[in-house]
Amino acid sequence: MNTNTADAGSAAVNGQPEARQLRRSGDDRMLAGVAGGIARYLNADVTLVRVIIAALALFTGAGVALYVAAWLLIPADGQDQPAAAAWAAGCRDRIR
């Protein structure tokens, strides 16, 4: 593939593609943006991701646990750290 034909936003300075980061979506969210972020990361339809999460929640119960874990461990758009790290830092500050 010729780098001249690729769009300018898809290549870094050294010609390598930029690494994608998994982030919770701020735009495409119903609860916490987990499904929107996963769909964007996988380049998939957000409805499909939501259906898979709902099916896991209904049939196995694992969907709820995975969603809550993702909510706590995946940082939101524009944030450096996940919610769990921010909560832990707040608790640590209160103890001192």
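Values below: all heavy atoms of this structure, side chains included; hydrogens, waters and symmetry mates excluded.
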- Note on the structure: d(Leu42 CG, Leu48 CG) to nearest 0.5 Å is 9.5 Å
- Item | Arg50/Asp28 salt bridge by N-O under 4.0 Å criterion | yes
- Cluster check Tyr41, Val46: I/L/V/M/F/W/Y, side chain < 4.5 angstrom: no
- Query: Any chance CG of Asp45 has more than 12 other-residue heavy atoms, nucleotides or ligands included, within less than 6.0 Å?
  - Reply: yes
- Which pair of heavy atoms, one from Val34 and one from Arg24, lies closest together, and at what distance? CG2-CD, 3.8 Å
- Query: Minimum heavy-atom separation for Arg20 to Asn43, with atom names?
  - Reply: NH1-N, 4.5 Å
- Query: For Leu72 and Pro82, which heavy atoms make the closest approach, and how far apart are they?
  - Reply: O-CB, 3.2 Å
- Is the shortest distance from a Lys or Arg side-chain nitrogen in Arg40 or Asp27 to a carboxylate oxygen in the other one below 4.0 Å? no
- Item | Considering all heavy atoms, the nearest Ile53-Ala35 contact | CD1-CB, 4.1 Å
- What is the minimum heavy-atom distance between Gly37 and Ser25, and which atoms define it? N-CB, 3.6 Å
- Task: State, with a plain yes or no, whether a side-chain heavy atom of Arg23 is found less than 4.5 Å away from one of Pro75.
- Result: yes
Sequence neighbours left out, cut at 3.5 Å: what donor-acceptor pairs do the side chains of residues 55-71 make with other protein atoms?
| from | atom 1 | to | atom 2 | distance (Å) |
| --- | --- | --- | --- | --- |
| Thr60 | OG1 | Leu56 | O | 2.7 |
| Thr60 | OG1 | Ala62 | N | 3.1 |
| Tyr67 | OH | Ala32 | N | 3.2 |

